[in-house]
Structure formats: structure tokens, C-alpha cells
Colleague: 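Dropping the structure in here first, questions after.
Reminder, nothing fancy here: chain letters follow the sequence lines and each chain counts from 1. No hydrogens, no waters, no symmetry mates; every other heavy atom, side chains included, goes into these values.
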Protein chains: 2
Amino acid sequence: MTDRSEPQSPSPLLLRLQAVEGSLTKSEAVLAQWLTRNEAALGLETGATIAAKTGVSEITVSRFLRRLGYRGMAALKEDLLERGAAQLPGADLGLRLLDGEMGTLIRRDAEAVLALAAQVARPEWAEAVAAIHAADGVFVTGFQTVKGAAADFARRLSILRDRVRFVAAHDSGLAEWLAPDPAETRCLILIDIIPYAREAEPLVRLARAQGMAVVVLTDELNTWAAALTPHVFFVSSKAHAYVESSGPLASLLSLVTHSVAAQDPARAKARLAAWPALLRELALF
Amino acid sequence: MTDRSEPQSPSPLLLRLQAVEGSLTKSEAVLAQWLTRNEAALGLETGATIAAKTGVSEITVSRFLRRLGYRGMAALKEDLLERGAAQLPGADLGLRLLDGEMGTLIRRDAEAVLALAAQVARPEWAEAVAAIHAADGVFVTGFQTVKGAAADFARRLSILRDRVRFVAAHDSGLAEWLAPDPAETRCLILIDIIPYAREAEPLVRLARAQGMAVVVLTDELNTWAAALTPHVFFVSSKAHAYVESSGPLASLLSLVTHSVAAQDPARAKARLAAWPALLRELALF
DNA sequence: AGATCAATGTTAGCATTCTACCATAATCAG
DNA sequence: CTGATTATGGTAGAATGCTAACATTGATCT
């Protein structure tokens, strides 16, 4: 009763996935999991879109479907439809879950992310991105609870362009600041949210005194930065959790990364392609 | 109250059908009725199949969809899907701003954050939080582009409870693993997203072999973790930016922090109050 | 009836999906 | 390490979906 001679099939997707569960290749495992988790929303997917979302190639999707006994996406959808429900909409999944305290926190983070659109739309955004792009050297710094996020940001940015350094206050990186090459343009990206670090403001003053462009990524409550540089961007932070979420900030950082990369897409893509090779050389940690 | 002035479309299919109900031609009436009665099963239909089933020509279907405000079947299906999915609460905020490439990235991040609700609602979530809360010692590790986020997470968690350590693979922290005190319960929180680190899986195996509870925070495409521990939580990661955003992941981490803190609110608040003092002692960097 | 115009269909072309064929990369045995 | 085997991807072409431009039908009005 499996699917030997008959092209069509009495068994639903999940059963078929279980049947081959033991003998999956890497790509197939990715596909199997993705299909399992997104079964309800398969209606409007196509081989190509699944390939894009899972990171495998289109033909691998096609092959896997065949292995499951479907002659293609159409056959799969047909099977899903025939077996009762066939509901296109992801259904109730969303709103009911957003109740309660956790739901509130989640919604606040999501809203804060959406609010980033207003920051990106500001004219200063383009200026800041251009300044980062144009700088010969970029310094990134962050404090306390966002120090790690700043380090990650520096790491990502350095994938896409060279001469990006994460600096800590007592770090050797500072030496380079104090003896700047006047022929070089440099840029400081400072990330600081509440509770603010005392070092932040003097650091920005110093950088400005040396003629550096300074981009500050901070939260709404920051009042000192705007006086020192026009390139200040805000995330809203009123979560009222035990500790402030840094999710929206991380999203903002990712937008900066993306915008800078988009200034020179060709270079970004080339560097990105070379990155995995680079990684293997490192300790991976 | 939702969609008065906007020309493009916040409303689902049925609303649109009602809007044009009064002025339908013969073919359009047929189509409208068929669409109404088969709305649930539209997923696998195509312009041609609808045409065949209703007896009108393909182009008439196409035209009617246009009249309804959809640019084609794809747009219709997309609309149907989104209706079921969580509505973005603050979408009104930046509706106009959410256009373009950056707008797409922002929306994807926001959606990914909202989708976290499904993870938090899983029964495993409560188990994982309880395990973290109950453990005598908590180890946190993360790799590559989320190493910093993992470090921040460890830092935040250690504000709220003691004996939290961020460990790197080649770190001295590992020594403590290899000579465990059998009287202590320990817990590993591992954060890993694409591109996955090779160390991750062996690390989890090792921890499990030692009887540790293991919580894995990863993305949808991770296939190895679920086989090793029940406490695997996913963020969706299909941004297609130059580099994946880690914003939703950071939000997830913050939710973990919050949930763990909520296990013992009194202690969390007490430690939080003592924290600024503690900070002043540190180098702040 | 004949003119006029809206509604619908036909044809053709472009875009997209899916798959056949071959090339490359990863894996494993010895 | 080498070579065999398997998994995966790339390219190109057939099939299908969608729509623009033109043709036809059918309804309405005088």
C-alpha cells in the first residue's frame, strides 16, 4: 500500500516523511524538517520558493518530492487538499498565542522592530551608511549588555568590508586612534543602551575631535549623543521585562550591515563567497 | 476602520468580493460565487484551472482578480496566507515606510519575532525553563556570528541568577565539564544558527552523555539538534539579506531570560537591584 | 435593423516551474 | 592519500501560468 505502481497516494505527507526518516541525507533532512514545520502553509509554496527558504537547490526539492512518491509540488498539494482540511491559511496560529505576559513582550519587540522603519527613512541614515562605506577604517564599540552584539556586528561587517575593528576601551585598538594617519578617513560606530556606559560620551567627543564620523546606535532615552553627531539612531526600549531585550537593537545592526553592503553589492557578494573558506582557517570560535 | 484611504489592500478575499458585488457581469458573478464557495481550497488552483472549472476563459479570471486588486493568483494566495498569520500589531505605524527592500527586511524580522510566540507556547518551553532554573550551574555557548549574542545572554542571565558561565570551545570552562561533580545538576544552553559550527553537535552529545539538560536555540534549518534533546527552539531565518539578521534570535534569548527570571521573581528583582553597584566595580568594558 | 460599446475570447509572448542531463563536491573504503 | 560512490548543484529546455493586444460576441439604444 505504499506507492509502488500507483502514482497517486493514500498516505499524507507526514506519514511519508516518517517512512523515509531513517535514511535522509543532509539536504533531505533539512527539507523534511522544513516541510514538517510548514505543512500548513504549503499551499502557495513552489519548488523554487522552498529551495530558497531551505537553502538547497530547486532540483533537490524536486528529487526529494519524488522520493516521497509525489510527482511534483502539484501532486503534493493535491494530496494535502484531498485529505480533508486543506486549509490554506496558517489559521489561528497567530493571535491567540500573543496573549499573556510573554505575548506582550513579543509584541513589544515586534513593534520596536517595525518602528525601525522610521529610523531607516531618515535622511541621516543614508549619510551614515555612506560615511561608513567611505571610511578607510571602521571602529565598532559597545558596552556591557550589548558588547557581544557589537562584537557580532563588527564580525559581520568585517565579512563584507575590510578594516573593521571591534575595540574595547582598554584595548590595543585604542593605540591606532591616538596616532591617526591624517590621510585616512575613519569612522566610529558606537552602540550603547541603557544603562549607559560612562565611557561612551567622552569616546564620541574624542573621535569627533579627531574628525571621525561617528554613528551612534542607542535607545530612545539617550540624550547626549545627538549633540555630538547627527548620525544617531534609536530603538524603542520600553519592554518592562526583567532585562531589556536587545532584539530590536540586533535588528537595527543587521539593517546597518545590509545597507552598507548594498553600497557595493558586487564587493559584498564576492567577500561573502570567500567567507566560508576564511572561516575554516579560524578556530571557529 | 482599517482600510479606508489605502488603495492597496489590507482586506481578505471575501471583503473584496462584497465590495464589487453590486456591479458584476455574468462571468464575474460566476467567478465570484465560485471563489466564495471554494475559498478554502484555492491553494492549488491556478488561473487556468479556475477558468476550466467555471467555464470562463483564463484571461477573464486574470482580469477579475485585477479588478479585485490582486496582481494575480500569487497575490491572492499571499493575501489568504497572511490573513491567517499573525497581524502585525503596529503595522499602522510605518505602513508607508515599510516599502522597498529595507521595509521587507524589517517586516521579516518583525514577523520572525511574532512567530516566537509559537515556540514559547510549546510545552517543552516550560520544561526547558524549569531545567535552567533548577540547574546548579548553567553553561552558555555560541559560535561565530552569534558568539557575542550568546555572551550577552550569559551576562544577562548571570545578573538574574548565579553560576552562569559563557564557555568557548577552547576555553578553560571546559575543564569544569570534564570533571563534573556528580552531586550537581548542570545545564547547557547552546546557540547556533546557520552556518552551523561543527563543534556544536559533538558538544551537545558530550553534555547529554554527562546527563546534562541541553537547550538548543537555533534556526528552522537545524536538523541535528532535535534528535539529541527535546529542548530545541527555533527562530525563522529566511531574510535573504547579505547576512542573516540575529534580531529575532536576540529576542528569543531575551524571552528565555525573562522566563527564567519569572521562575523566582523575588530573587531576580533583588539581584537586579544589586546589579548597578556590581557594575561600577567592573571595568565596564 | 443598425450602430455602439461593454464583455468576453483568441492568439501570442514572456515569465515561471519543473525536470533531464551533465558537472562538481562531499563522503567513504582501502 | 587515491579512487569510487553518492549527494548536490548548474544549465537548459519543455510545460505551464499569466497577461497584452487584438478579435469577436452580445447587449442596448435609437
Side-chain angles (χ1 to χ4, degrees), chain A residues 7-8 20-35 41-81 88 269 272-280 284, chain B residues 13 20-35 38 41-80 194-198 201-202 221 223-224 240:
Chain A
Q8 76 277 40
V20 294
E21 200 177 15
S23 59
L24 292 176
T25 70
K26 227 181 306 177
S27 308
E28 288 177 338
V30 171
L31 284 170
Q33 171 157 329
W34 191 91
L35 289 173
L42 280 182
L44 69 74
E45 299 294 342
T46 161
T49 61
I50 295 178
K53 289 178 181 176
T54 55
V56 304
S57 76
E58 200 178 338
I59 190 163
T60 301
V61 177
S62 183
R63 271 196 280 253
F64 185 55
L65 290 180
R66 291 209 149 189
R67 191 172 162 205
L68 293 178
Y70 296 112
R71 238 191 39 199
M73 276 305 291
L76 200 177
K77 291 181 189 173
E78 204 169 316
D79 187 35
L80 287 179
L81 252 209
L88 236 197
K269 274 175 191 148
L272 205 54
W275 178 52
L278 221 136
L279 252 190
R280 258 173 241 125
L284 271 187
Chain B
L13 177 61
V20 295
E21 202 176 14
S23 60
L24 292 177
T25 69
K26 227 184 306 179
S27 312
E28 287 179 340
V30 172
L31 281 170
Q33 173 164 339
W34 191 92
L35 288 174
N38 296 80
L42 281 181
L44 68 76
E45 299 294 342
T46 161
T49 62
I50 295 178
K53 290 178 182 176
T54 54
V56 305
S57 77
E58 202 177 336
I59 184 106
T60 302
V61 177
S62 182
R63 274 196 275 252
F64 185 53
L65 290 181
R66 288 209 150 192
R67 191 171 163 206
L68 292 178
Y70 296 112
R71 236 193 39 203
M73 278 304 290
L76 200 177
K77 292 180 186 174
E78 206 170 310
D79 188 37
L80 287 179
I194 212 164
Y196 307 113
R198 275 168 310 188
E201 186 172 351
L221 300 180
T223 57
W224 57 263
H240 293 118

Colleague: To the nearest Å, give me how far apart CZ (Phe64(B)) and P (dG9(C)) are.
Modeller: 14 Å
Colleague: Starting from C1' on dT17(C), measure out to CD on Glu45(B) and report it in whole angstrom.
Modeller: 17 Å
Colleague: Send over the distance from Leu24(A) CG to dA26(C) C1', rounded to a whole Å.
Modeller: 17 Å
Colleague: Quick one: pull up CG in Leu76(B) and CG in Leu68(B) and give me the separation to the nearest 0.5 Å.
Modeller: 7.5 Å
Colleague: Over how many whole Å does the gap from Leu65(B) atom CG to dG17(D) atom C1' extend?
Modeller: 12 Å
Colleague: If I take atom CZ in residue Arg71(A) and atom P in nucleotide dT16(D), what distance separates them, rounded to the nearest angstrom?
Modeller: 9 Å
Colleague: If you look only at pairs with a residue in residues 25-35 of chain B, which of them pass as a salt bridge (charged side-chain N to carboxylate O under 4.0 Å, His left out), with sequence neighbours excluded?
Modeller: Glu28(B)-Arg67(B)
Colleague: If I take atom CG in residue Leu31(B) and atom P in nucleotide dA7(C), what distance separates them, rounded to the nearest angstrom?
Modeller: 14 Å
Colleague: Rounded to whole Å, please give me the gap between CD1 in Ile50(A) and P in dT17(C).
Modeller: 11 Å
Colleague: How long is the gap from CG on Leu35(B) to CG on Leu65(B), to the nearest 0.5 Å?
Modeller: 7.0 Å
Colleague: If you round to the nearest 0.5 Å, how far is CD1 of Ile50(B) from OG1 of Thr60(B)?
Modeller: 12.0 Å
Colleague: To the nearest 0.5 angstrom, please state how far the CG atom of Leu42(B) sits from the CH2 atom of Trp34(B).
Modeller: 5.5 Å
Colleague: Can you give one letter per nucleotide of nucleotides 5-11 of chain D, 5' to 3': B if a protein heavy atom sits under 4.0 Å from the base, S if only from the sugar-phosphate, - if neither?
Modeller: --SBBB-
Colleague: Does Glu45(A) offer a backbone N or O that forms a donor-acceptor pair with the side chain of Lys77(A) under 3.5 Å?
Modeller: yes
Colleague: Tell me whether the OP1 or OP2 atom of dC18(C) has a side-chain N or O from Thr46(A) closer than 4.0 Å.
Modeller: yes
